[in-house]
Colleague: 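Sharing a structure below in structure tokens format, with a few things to ask.
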Amino acid sequence: MKIISVNDIAEYDGEEVSIQGWVYKRTGKGKLAFLLVRDGSGFVQCVAFNGDLSEELFETISHIPQESSVVITGTVRADKRAPGLPGGYEIGISAFSVIQAANEDYPMALKEHGADFALDNRHFWIRMPSQWAILRIRATVISAIREWLDTNGYILMDTPILTPAAAEGTTTLFETEYFDEGKAYLAQTGQLYNEANIFAFGKVYCFGPTFRAEKSKTRRHLTEFWMVEPEVAFCDLDQLMEIEEQFVTHIVKRVLKERRVELESLGRDLSALEQVDVPFPRISYDKAVEMIKEIQAETEDPEEKALLDIEWGMDFGARHETVLTKKFDKPLFVYGYPTQVKAFYMEPMPGRPEACKSVDLLAPEGYGEITGGSERMSDPDLLLQRIHEHGLPEESFKWYLQLRQFGSVPHSGFGMGVERTVAWLCGTDHIRETIPFPRTIKRVYP
RNA sequence: UCCUCGUUAGCUCAAUUGGCAGAGCGAGCGGCUGUUAACCGCUAGGUUCCAGGUUCGAGUCCUGGACGAGGAGCCA
């Protein structure tokens, strides 16, 4: 018998097929038994009728424990009552074999769970439809990222994960012993290496795990997360924004095309995502500060009003980003942040050294910063001065400074956090659901 | 690091002024020919986070601790 994938079930209406998978849920109604079976590609209802099967087989089916692994053969039929993902089709069981009958004390009941319990059981939680949907969307986001970059002339350059020193002095690093060479640190960005790579390859990207030992305990932070970082020679800040908006639009359109079943199962408002298209609105940091001040003036709630306090020169908090993005229905570029709140390597605005050629892309609906980028500094003397100002070890950056002395050109790049992007696309309220096994300040298990 | 909140059955949560430890879900058994978080009946299931203290009596009050969550800062 032909073994099919559940997500292709519509192609087999009326045919007898087999599926191999796991019993997700079982309900019964006297002489009928309903099994919701998942096979990795989807969820499908299988129906057993007492009159069509031997008494022994019907008893087996109507008592099969949740999560048992099974092979089921039967006839596919369209029935709008049938639940499932994609749903609308069910299998009338004619043959049924058990690979392993699961223990009866499966810990994940089919109901809502608290965060701590769900995360302790992450190895089981990923079997549930919501997590299954999010992680399938994640895979498509990653595929779309690679597809766009690979077809637009970007060369993949894997950058090191073990690195000699802080690339950006502001964040804390995971430290490890490195033989006789002293300390090494887990990478928090591949950008500096990509700045070397562009002088050999023009347009490059790196894509891998990134590590931040910050003691952040919020729904937007992980200690290990995935970041894609494109870097482009002969590219200024305006050109960078054009690249970013095409890139993000491509990702959104592909997820809408290929993961509609998953998005709908999550209850995501698709109309919000369907509005995403080039060009994205662009506002300066100066304008953003003005807008936040206006919003603050209209705010009644004193607590909220205090959270919105802002003066030119301050970085935005989560609250600032949220109120700002609610004024737009597409992702929003904010460019020209104060130099003092950004990393050392950003090119100053012409005639305004207090601001730099940086740009953040803020997702709509309050999901916050999903990309951060800038035009990189090209003057070697100023760069050295900045490294000193930030208290960074000059010796570690010798090679980086040399890049500016042998064919330096205007160049720009950005980093995009995969998990924050997936959280936005899925409408998930916590980033920990967007990676198979999240690492946070309080969790390295399972 | 700081602020706030929380910890009771496998899970989600109740428990009045300090007075017999409870429900729903899940599990097992039985019933029901279309279930969608099914429904109905029965059964099993407890170190109330830990250590002290007050009290005739503590899930509840006090002291200390552990663990967790969300937010701030920082960032993608």
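Here is the naming used below: chain letters follow the sequence lines, and residue numbers restart at 1 for every chain. Hydrogens, waters and symmetry mates play no part in the numbers below; they use all other heavy atoms, side chains included.
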Colleague: Is B:U35 paired to anything, Watson-Crick or G-U wobble with both distances less than 3.5 Å, and if yes, which nucleotide?
Modeller: none
Colleague: Kindly say whether A:Gln188 contributes a backbone atom to a donor-acceptor pair with the side chain of A:Arg212 at under 3.5 angstrom?
Modeller: yes
Colleague: Can you check each nucleotide of nucleotides 27-35 of chain B against protein heavy atoms at under 4.0 Å and return B for base, S for sugar-phosphate only, - for none, in 5' to 3' order?
Modeller: SSSS-BBBB
Colleague: Go through B:G10, B:C74, B:C75 for me and flag the one nearest to the A:Phe117 side chain.
Modeller: B:G10
Colleague: Using a cut-off of 6.0 Å, state whether more than 12 heavy atoms not belonging to A:Lys215 lie near its atom NZ.
Modeller: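 Not more than 12 within 6.0 Å, no.
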Colleague: Please determine, for B:C67, whether a Watson-Crick or G-U wobble partner exists with both distances under 3.5 Å, and give it or none.
Modeller: B:G6
Colleague: For A:Arg432, which contact category applies under a 4.0 Å heavy-atom criterion: base, sugar-phosphate, or nothing?
Modeller: sugar-phosphate
Colleague: Within the structure shown, what part of the strands sits under 4.0 Å from A:Ala318 by heavy-atom distance: base, sugar-phosphate, or nothing?
Modeller: sugar-phosphate
Colleague: Could you tell me whether A:Lys342 and A:Asp360 have a side-chain N and a carboxylate O separated by less than 4.0 Å?
Modeller: yes
Colleague: Using the P atom as the reference point in each nucleotide, state the distance between B:G65 and B:U1 in Å, no decimals.
Modeller: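 Rounded to whole Å, the distance is 14 Å.
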Colleague: So which nucleotide does B:U43 pair with, by the Watson-Crick or G-U wobble rule with both distances under 3.5 Å?
Modeller: B:A27
Colleague: Students often get this wrong, so: under 4.0 angstrom with heavy atoms, is A:Leu222 touching a base, only sugar-phosphate, or nothing?
Modeller: base
Colleague: Please name the nucleotide paired to B:U1 by Watson-Crick or G-U wobble geometry with both distances under 3.5 Å, or report none.
Modeller: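 Across any shown strand, B:U1 pairs with B:A72.
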Colleague: Would you mind reporting whether A:Glu262 and A:Trp132 have side-chain heavy atoms less than 4.5 Å apart?
Modeller: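 Yes. Closest side-chain heavy atoms under 4.5 Å.
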Colleague: In terms of side-chain heavy atoms of A:Asp116, which of B:G68, B:G70, B:A76 is nearest?
Modeller: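 Closest nucleotide among those given: B:G68.
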Colleague: Counting any heavy atom closer than 4.0 Å, what does A:Lys217 reach on the DNA or RNA strands: base, sugar-phosphate only, or nothing?
Modeller: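 Base contact.
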Colleague: Assign A:Thr210 to base, sugar-phosphate, or nothing according to its heavy-atom contacts below 4.0 angstrom with the strands shown.
Modeller: nothing
Colleague: For a quick check under 3.5 Å, do A:Thr189 and A:Glu229 share a side-chain donor-acceptor pair by atom type?
Modeller: yes
Colleague: Any strand is fair game: report the nucleotide pairing with B:G52 by Watson-Crick or G-U wobble, both distances under 3.5 Å, or none.
Modeller: B:C62
Colleague: Do A:Gln100 and A:Ser68 get their side chains close enough for a donor-acceptor pair, meaning under 3.5 Å?
Modeller: no
Colleague: Just name whichever nucleotide pairs with B:G18, Watson-Crick or G-U, keeping both distances under 3.5 Å, else none.
Modeller: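 Looking at the geometry, B:G18 pairs with no nucleotide.
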Colleague: For A:Trp125 and B:C11, give me the distance from atom CH2 to atom P, rounded to whole Å.
Modeller: 15 Å
Colleague: Please determine, for the side chain of A:Arg212, which listed nucleotide (B:G71, B:U1, B:C75) has the closest atom?
Modeller: B:C75
Colleague: Kindly say whether, by distance alone, the side chain of A:His113 makes a donor-acceptor pair under 3.5 Å with the base of B:C11?
Modeller: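 By the distance-only test, no, there is no pair.
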Colleague: Between A:Glu195 and A:His411, do the side chains contain an N or O donor and an N or O acceptor separated by less than 3.5 Å?
Modeller: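 On atom types as modelled, these side chains qualify, holding a pair under 3.5 Å.
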Colleague: Please report the distance, rounded to the nearest Å, between CG in A:Leu36 and P in B:A37.
Modeller: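 So the CG-P distance, A:Leu36 to B:A37, works out to 10 Å.
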Colleague: Any base atoms under 4.0 Å from A:Arg220, or only sugar-phosphate, or nothing? Heavy atoms, all strands.
Modeller: base
Colleague: Do A:Ser216 and B:C74 have a side chain to base donor-acceptor pair shorter than 3.5 Å?
Modeller: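 Answer is yes: a donor-acceptor pair is held.
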Colleague: For A:Arg282 and A:Phe333, indicate whether the former's side chain and the latter's backbone hold a donor-acceptor pair under 3.5 Å.
Modeller: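 Here the side-chain-to-backbone pair does not exist.
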